[in-house]
**Q** 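Dropping a structure here in structure tokens format, bear with me for questions.
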Amino acid sequence: MACTLLKLTTILSLIMPLIITFLALNSQLAFSIDIEEDDEDQYVLDSPLMANINLRSSRSRFLASVIKKGARCHPITNNVCNGIPANNGTSLLYCCKKHCRNILGDRNNCGRCGRKCKQGQRCCNRICTDITSNENHCGKCHKKCAKGVNCELGFCGYA
């Protein structure tokens, strides 16, 4: 009994650090891959909208220079976001179905409305990009690894 308990304790002491390391690496990987590029809840337009927008209130015209993420739109009657550059050129808004979407970075509308990126990919400047092994987009868009360092599992120099 004592011999069996000693063997079990020895095995657990050898395996436990491996399990902890494995869990820590997987949680970091999931965290780094799930990071969204912009955490803002609105788009700041590069130039105010010049279109005739019915605001249905006496709000200032300045409000037309900010569009909330996911704002409702209609391609014909309420086209507030078709081809509108925002956030200093880092966003390009289009009316996808009934909501404003950034086709430069939206995984469900990458480059155009309805184009979905696959698992492990992010939309980097209109292109679905594998961020798990791309040295120029390692873990997220535009995160470059140092020269000569590989991107593995979304980390620079992971080995």
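Index from 1, following the sequence. Since the model is a prediction, treat every value here as computed from it, not as a measurement. The figures here come from the full heavy-atom set of this structure, side chains too, leaving out hydrogens, waters and symmetry mates.
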**Q** Using the side chain to side chain contact (heavy atoms under 4.5 Å, CB included) definition, which of the options Lys143, Lys140, His137 pairs with Cys124?
**A** His137

**Q** Cys100-Cys95 sulfur separation below 2.5 Å?
**A** no

**Q** By the definition side chain to side chain contact (heavy atoms under 4.5 Å, CB included), identify the one residue from Ile103, Asp46, Asp106 that meets it with Leu92.
**A**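 By the side chain to side chain contact (heavy atoms under 4.5 Å, CB included) criterion, Leu92 pairs with just one of Ile103, Asp46, Asp106: Ile103.
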
**Q** To the closest 0.5 Å, what do you measure between SG (Cys123) and CD1 (Ile131)?
**A** 11.5 Å

**Q** Would you give the length of the straight line joining atom OG of Ser133 to atom CG of Leu153, rounded to the nearest 0.5 angstrom?
**A**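 Rounded to the nearest 0.5 Å, the OG-CG separation comes out at 9.0 Å.
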
**Q** Mind checking whether Tyr94 and Leu104 sit in one hydrophobic cluster, side chains of I, L, V, M, F, W, Y counted as touching below 4.5 Å?
**A**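 Linked, Tyr94 and Leu104 end up in one cluster.
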
**Q** Answer yes or no: is there a donor N or O on one side and an acceptor on the other, between the side chain of Thr129 and the main chain of Ile127, under 3.5 Å?
**A** yes

**Q** Start with the C-alpha distance between Asn150 and Glu135, add both sets of side-chain angles, then the distance that settles side-chain contact (heavy atoms from CB on, under 4.5 Å), and finish with yes or no.
**A** CA-CA 6 Å; Asn150 290 333; Glu135 281 79 14; 3.6 Å; yes

**Q** Would you indicate whether Cys138 and Cys151 have their SG atoms under 2.5 Å apart?
**A**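 Disulfide present: SG-SG distance under 2.5 Å.
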
**Q** SG of Cys81 to CG of Leu93: how many Å apart, nearest 0.5 Å?
**A** 6.0 Å

**Q** For the residue pair Lys116 and Asn109, establish whether any side-chain heavy-atom pair is separated by less than 4.5 Å.
**A**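 SC-SC contact between Lys116 and Asn109 ruled out.
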
**Q** Could you tell me which non-hydrogen atom of Val149 sits nearest to which non-hydrogen atom of Gly157, and how far apart they are?
**A** CG1-N, 3.2 Å

**Q** When you measure from the centre of the six-membered ring of Tyr43, is the NZ or CZ of Lys69 closer than 6.0 Å and no more than 45° off the axis?
**A**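 Judged by the rule (NZ or CZ under 6.0 Å from the ring centre, within 45° of its axis), Lys69 counts as positioned above Tyr43.
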
**Q** Closest heavy-atom contact between Arg72 and His99?
**A**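 Result for this residue pair: NH1-CE1, 3.5 Å.
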
**Q** Answer yes or no: is there a side-chain heavy-atom contact under 4.5 Å between Leu45 and Val66?
**A** no

**Q** In terms of side-chain heavy atoms, does Thr90 have a donor or acceptor partner in Asn87 at a distance below 3.5 Å?
**A** no

**Q** So, do Lys144 and Asn136 sit near enough that their side-chain heavy atoms are less than 4.5 Å apart?
**A**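 Lys144 vs Asn136: side chains touch.
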
**Q** If you compare all heavy atoms of Gly70 against all heavy atoms of Arg101, which two are closest, and at what distance to 0.1 Å?
**A** CA-NH1, 3.6 Å

**Q** Would you compute the distance between atom SG of Cys110 and atom NZ of Lys118 and round it to the nearest 0.5 angstrom?
**A**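 Reported to 0.5 Å precision, the distance equals 12.5 Å.
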
